[in-house]
J.: 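Pasting a structure below so you can have a look.
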Amino acid sequence: MSADRINLLRTKVFDKSKWMQLPRDVVIGHDVIEQIQAVCEDLSLGDSVLIVSGGRTRDVAGKRVEALLSSSYDVATFAAGEDDPIETIRKAEAAAAATAGFVIGVGGGRIIDIAKIASYNTDRHFISIPTAASHDGIASSRASVPTADGNVSLAAEPPIAVVADTAIIASAPHRLLASGCADIIANYTAILDWELSHRLRCEPLSEYALTLSRMTAEILFKNADLIKPHSEEGAWLVTKALVSSGVAMSIAGSSRPGSGGEHKFSHALERLAPGKGLHGEKCGIGAIITMYLHGGDWEGIRDSLKKIGAPTTPAEIGVDDETAVAALLAAQTIRPERFTILDMGLTEDSARDLVKMLYRE
Ligand SMILES: NC(=O)C1=CN([C@@H]2O[C@H](COP(=O)(O)OP(=O)(O)OC[C@H]3O[C@@H](n4cnc5c(N)ncnc54)[C@H](OP(=O)(O)O)[C@@H]3O)[C@@H](O)[C@H]2O)C=CC1
Ligand SMILES: O=C(CO)COP(=O)(O)O
Ligand SMILES: [Zn+2]
């Protein structure tokens with residue numbers, strides 16, 4: 001499935017390659033979900049809205065948002081089921097086109113992506129209300145759609161607003177917060193790959209995007225002790241980092257500051273071991289190897305992942321060593337135009353040695 005087969009409906013096609021698109025209102029804190037009406041009013045997005053929500057989070061947040069907006073907006077709802085992701089996106093697009101001036105996504109990363117793509121394809125703004133801080137898609141222009149042959153990474157547009165209620169995010173299973181941390185800690189190796197490609201292949205590099213991306217990883221790395229299960233302070237810290245990482249990608253105009261060889265490894269696992277592990281978990285595991293290959297502090301990466309409760313071995317997400325070896329090698333076939341340390345001729349023997357050596361409990 002190619003990316004352009006998912007962006008079929010878009011009619012407003014401008015060359016935005018030189019535009020830096022950022023969220024306009026970012027509201028993070030305890031019970032900020034109560035401010036959703038004020039945020040919608042502030043942005044004057046029209047008087048009809050489609051609220052996309054998920055299965056587990058409808059009671060947690062979806063229904064609350066519907067109730068908060070129903071007195072002042074024509075509210076249509078779309079409960080995203082677990083059926084085929086492309087089919088679900090098509091249905092959400094049809095619902096947006098039929099009913100809404102703008103779209104709100106309330107839920108985990110999957111739900112935010114459905115709202116992101118459906119609004120982008122129907123030329124509408126969308127507001128992101130993440131119920132978990134599980135990856136930086138909550139505020140970025142990137143979407144990642146699961147398909148039969150792995151995830152397709154898409155460029156869309158960032159949310160015009162992010163309303164991140166830390167009470168709700170802290171109540172999510174800790175695994176989701178740890179996954180979001182791992183996605184940010186993986187920025188360390190993503191930027192090393194970017195610098196490598198800049199030096200070896202003169203790939204353009206944005207110092208601002210790179211520095212912002214590095215800062216998100218450094219802050220989480222330094223404050224790993226605060227990332228405790230159901231701690232609102234930890235939820236606040238990670239959510240800020242995820243938003244900043246999304247901004248870094250908007251500044252760069254691509255996911256380069258947040259997606260290097262460790263993400264290629266993660267995308268390869270999406271194909272080779274579908275459904276195993278969360279996105280951030282796979283990226284964190286991949287960052288251990290790519291940091292080692294960069295000659296960096298791979299033990300520091302591993303130990304901080306352990307401290308926040310994210311997996312540090314493929315086995316912990318149900319992936320065996322041979323599949324991890326295959327994913328390291330297959331990474332070279334994913335997004336080949338994006339040069340990373342995994343694209344420097346890693347052999348099967350060395351991949352096997354690395355997995356044995358670095359992925360020990
Ligand atoms: N845009 C991007 O840059 C990226 C997007 N992705 C995409 O994101 C998706 C993965 O997102 P991720 O968040 O990791 O996983 P999910 O969106 O699948 O969320 C995991 C589960 O947690 C539930 N959940 C979320 N918040 C809460 C809460 N507060 N309390 C209880 N349960 C909760 C979700 O419920 P519910 O279904 O109701 O939300 C869901 O059942 C995939 O579709 C992937 O392709 C992956 C990487 C990057
Ligand atoms: O997950 C992302 C950044 O953390 C998006 O990266 P991709 O462009 O590789 O999908
Ligand atoms: Zn990521």
Side-chain angles (χ1 to χ4, degrees), residues 3 33 52-64 79-82 85-86 88-89 105-117 120 128-147 150-159 164-187 189-190 193 213 216-217 230 235 241-242 245-246 248-250 252 254-268 270 274-275 277-284 286-287 331 334-335 338 340:
I33 199 168
V52 178
S53 58
R56 276 175 37 189
T57 55
R58 265 187 67 68
D59 294 338
V60 167
K63 287 179 184 163
R64 277 177 73 183
E82 301 289 339
I86 305 289
T88 304
I89 290 168
V106 195
R110 177 180 74 95
I111 298 299
I112 299 299
D113 265 11
I114 291 169
K116 186 181 289 185
I117 299 167
Y120 178 70
S128 169
I129 304 183
T131 55
S134 48
H135 59 67
D136 51 20
I138 64 172
S140 77
S141 59
R142 305 295 302 178
S144 175
V145 181
T147 69
N151 281 37
V152 173
S153 294
L154 285 177
E157 290 185 350
D165 189 312
T166 48
I168 294 173
I169 290 169
S171 73
H174 180 67
R175 184 181 175 199
L176 292 168
L177 187 72
S179 174
C181 283
D183 198 21
I184 292 297
I185 287 174
N187 284 1
T189 48
D193 281 332
S213 178
T216 63
H230 310 304
L242 294 174
S245 184
M249 288 188 272
S250 289
S254 84
S255 58
R256 198 29 145 161
S259 173
E262 77 297 321
H263 271 67
K264 288 191 172 192
F265 173 73
S266 167
H267 295 320
E270 287 153 3
L278 296 173
H279 167 75
E281 293 175 336
K282 291 177 275 197
C283 297
I334 289 175
R335 206 188 256 141
R338 181 166 291 182
T340 74

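Here the structure is a predicted model, which is why all the values come from computation and not from measurement. For ligands, and for the atoms within them, numbers begin at 1 and follow the listed sequence. Throughout, residue positions are numbered sequentially from 1 according to the sequence presented.
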J.: Nearest protein heavy atom to atom 29 (N) of ligand 1, by residue and atom, and its distance?
T.: T131 O, 2.8 Å
J.: I'd like to know: is the Zn ion (ligand 3) within the 2.8 Å range of an N/O/S atom from D183, strictly under that distance?
T.: yes
J.: Below 2.8 Å, any N, O or S contact between H279 and the Zn ion (ligand 3)?
T.: yes
J.: Of the listed options (G258, P146, S245), which comes nearest to atom 43 (O) of ligand 1 when hydrogens are ignored and any heavy atom counts?
T.: P146
J.: Hey, is the Zn ion (ligand 3) within less than 2.8 Å of some N/O/S atom on H263?
T.: yes
J.: Among S134, S171, S141, whose heavy atom sits nearest atom 12 (P) of ligand 1?
T.: S134
J.: Out of curiosity, is S153 lining ligand 1, as in a heavy atom under 4.0 Å away?
T.: no
J.: Can you tell me the protein heavy atom closest to atom 22 (O) of ligand 1 and the distance?
T.: L176 CD1, 3.5 Å
J.: Only heavy atoms count here, so choose which of G137, A170, A235 is nearest to atom 3 (O) of ligand 1.
T.: G137
J.: Would you check whether R335 reaches within less than 4.0 Å of ligand 2, judged by its heavy atoms?
T.: yes
J.: Among protein heavy atoms, which lies nearest atom 9 (C) of ligand 1, and at what distance?
T.: R110 N, 3.5 Å
J.: Which residue owns the protein heavy atom closest to atom 45 (O) of ligand 1, what's the atom, and how far is it?
T.: S144 O, 2.6 Å
J.: Measuring from non-hydrogen atoms of A143 to any atom of ligand 1, is the shortest distance under 4.0 Å?
T.: yes
J.: Which option wins on minimum heavy-atom distance to atom 46 (C) of ligand 1: H135, R56, E270?
T.: H135
J.: Hey, which atoms in ligand 1 end up nearer than 4.0 Å to a heavy atom of P173?
T.: 30 (N), 31 (C), 32 (N)
J.: Tell me which protein heavy atom sits closest to atom 39 (O) of ligand 1, plus the residue, atom name and distance to 0.1 Å.
T.: G108 N, 2.8 Å
J.: Distance under 4.0 Å to a non-hydrogen atom of G107: what atoms of ligand 1 satisfy this?
T.: 39 (O)
J.: At the 4.0 Å heavy-atom cut-off, does R142 count as touching ligand 2?
T.: yes
J.: Give the atom numbers and elements of ligand 1 that come within less than 4.0 Å of a heavy atom of I111.
T.: 39 (O)
J.: Considering only protein heavy atoms, which is closest to atom 36 (P) of ligand 1, and at what distance to one decimal place?
T.: T57 OG1, 3.7 Å
J.: Could you find the nearest protein heavy atom to atom 10 (O) of ligand 2 and give me its residue, atom name and distance?
T.: S153 OG, 2.6 Å
